[in-house]
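Working notes, structure below.
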Amino acid sequence: MSLVLDSAAQDLLFREARTANSFTDEPVTDEQVQAIYDLVKYGPTAFNQTPLRITLVRSAEARERLVQHMAEGNQAKTAAAPLVAILSADNEFHEELPALFPAFPQAKDVFFSERAARENAAGLNAALQAAYFIVGVRAAGLAAGPMTGFDFEGVRKEFLDDDHTPLMVVNIGKPGPDAWYPRSPRLEFDQVITTV
């Protein structure tokens with residue numbers, strides 16, 4: 001192998017990790033979420049943008065409101081997961097760029113003065129951060145169940161505001177019985193990699 005990461009870590013983060021569809025009732029603590037964020041915040045983004053926002057849905061009342069917006073096949077597992085996170089993109093992320101990208105603080109105005117440019121950048125970079133977050137959940141010994149099967153506008157109105165675009169809902173916890181569907185195929189190296 002040409003990888004520095006040991007085989008057990010590779011399995012934990014990628015080869016053995018799957019989208020979980022059921023969870024035990026063991027809680028996911030704020031300390032675990034803090035540790036996950038403190039690790040994944042270092043993932044690279046353009047201009048060091050940090051548009052990802054994470055809304056933890058902990059209360060029974062908030063969970064009930066969220067479940068109503070989930071697709072039918074996602075409702076029961078979202079209702080039962082120990083923790084649910086709504087991942088969204090902050091379309092006003094550029095306000096933090098002078099502090100986050102001190103090498104070129106004027107990037108805020110040069111590249112992101114127009115809302116359309118911010119929405120494009122926020123969507124792409126928050127999606128990168130969402131992927132890091134899922135890997136971070138795995139690194140914490142937990143399983144993630146990311147979903148896009150929900151009413152995006154309903155979730156935005158219920159939990160966010162006009163400056164935030166929902167990306168996905170992620171169920172988080174220790175995997176329960178029969179948590180995994182069979183592994184789906186992946187494309188092979190030669191189907192993806194081209195050398196020019």
What are the two closest non-hydrogen atoms of [X] and [Y], and how far apart are they?
X: Phe150; Y: Pro166; answer: CE1-CB, 4.1 Å
X: Ala143; Y: Ala20; answer: CB-CB, 3.6 Å
X: Ala179; Y: Pro175; answer: CB-CB, 3.8 Å
X: His94; Y: Pro98; answer: O-CD, 3.7 Å
X: Pro177; Y: Ser22; answer: O-OG, 2.8 Å

Would you say [X] and [Y] make side-chain contact, with heavy atoms under 4.5 Å?
X: Leu142; Y: Val28; answer: yes
X: Ile172; Y: Val33; answer: no
X: Tyr181; Y: Asn21; answer: yes
X: Thr50; Y: Gln129; answer: yes
X: Glu64; Y: Val67; answer: no

[X], [atom1] atom: more than 12 neighbouring heavy atoms under 6.0 Å:
X: Lys41; atom1: NZ; value: yes
X: Glu188; atom1: CD; value: no
X: Asp6; atom1: CG; value: yes
X: Glu72; atom1: CD; value: no

What distance separates [X] [atom1] from [Y] [atom2], expressed to the nearest 0.5 Å?
X: Lys174; Y: Glu26; atom1: NZ; atom2: CD; answer: 5.5 Å
X: Asn120; Y: Glu114; atom1: CG; atom2: CD; answer: 12.0 Å
X: Gln68; Y: Thr78; atom1: CD; atom2: OG1; answer: 12.5 Å
X: Leu52; Y: Ser88; atom1: CG; atom2: OG; answer: 7.0 Å
X: Ile86; Y: Leu167; atom1: CD1; atom2: CG; answer: 11.0 Å
X: His69; Y: Gln75; atom1: NE2; atom2: CD; answer: 10.5 Å

Under a 4.0 Å N-O cut-off, is there an ion pair linking Arg115 with Glu92?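 Counted as a salt bridge, because a side-chain N and a carboxylate O are separated by less than 4.0 Å.
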From CA spacing to verdict: side chain to side chain contact (heavy atoms under 4.5 Å, CB included), Leu66, Val84: CA-CA 9 Å; Leu66 176 60; Val84 181; 3.5 Å; yes
Any donor and acceptor pair, going by atom type alone, linking the side chain of [X] with main-chain N or O of [Y] inside 3.5 Å?
X: Asn125; Y: Thr45; result: no
X: Arg63; Y: Ala81; result: yes
X: Tyr132; Y: Pro44; result: yes
X: Arg186; Y: Ser184; result: yes
X: Arg138; Y: Phe14; result: no
X: Arg118; Y: Ser113; result: yes
X: Arg53; Y: Ala126; result: no
X: Gln10; Y: Arg15; result: no

Could you go through Met168 and Ile134, starting from their C-alpha distance and side-chain angles, then the distance that decides it, and tell me whether this counts as side chain to side chain contact (heavy atoms under 4.5 Å, CB included)? CA-CA 11 Å; Met168 66 184 69; Ile134 291 166; 4.1 Å; yes
Result of checking Phe47, Phe93, Phe112, Phe111 against Phe101 for ring-ring contact (aromatic ring centres under 6.0 Å, His included):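 With Phe101 as partner, Phe47, Phe93, Phe112, Phe111 yield a single ring-ring contact (aromatic ring centres under 6.0 Å, His included), made by Phe47.
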Let me check something: do [X] and [Y] share a hydrophobic cluster, defined by ILVMFWY side-chain heavy atoms less than 4.5 Å apart, either directly or through other members?
X: Val137; Y: Val170; value: yes
X: Val135; Y: Ile36; value: no
X: Phe159; Y: Met70; value: yes
X: Leu39; Y: Tyr42; value: no
X: Leu87; Y: Leu56; value: yes

Evaluate side chain to side chain contact (heavy atoms under 4.5 Å, CB included) for Met147 paired with Lys77, printing each intermediate quantity in order. CA-CA 11 Å; Met147 300 167 290; Lys77 58 188 172 185; 3.9 Å; yes
Run Asp30 and Arg58 through salt bridge (charged side-chain N to carboxylate O under 4.0 Å, His left out) and show every step you take. CA-CA 10 Å; Asp30 287 337; Arg58 287 206 181 271; 2.9 Å; yes
So if I apply the side-chain hydrogen bond (donor to acceptor under 3.5 Å, both in side chains) rule between Arg156 and each of Asp163, Asp162, Thr165, which one comes out positive?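 That would be Asp162; it is the only one of Asp163, Asp162, Thr165 passing the side-chain hydrogen bond (donor to acceptor under 3.5 Å, both in side chains) with Arg156.
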Quick one: do Val169 and Val57 satisfy side chain to side chain contact (heavy atoms under 4.5 Å, CB included)? Show the steps, please. CA-CA 10 Å; Val169 172; Val57 182; over 6 Å; no
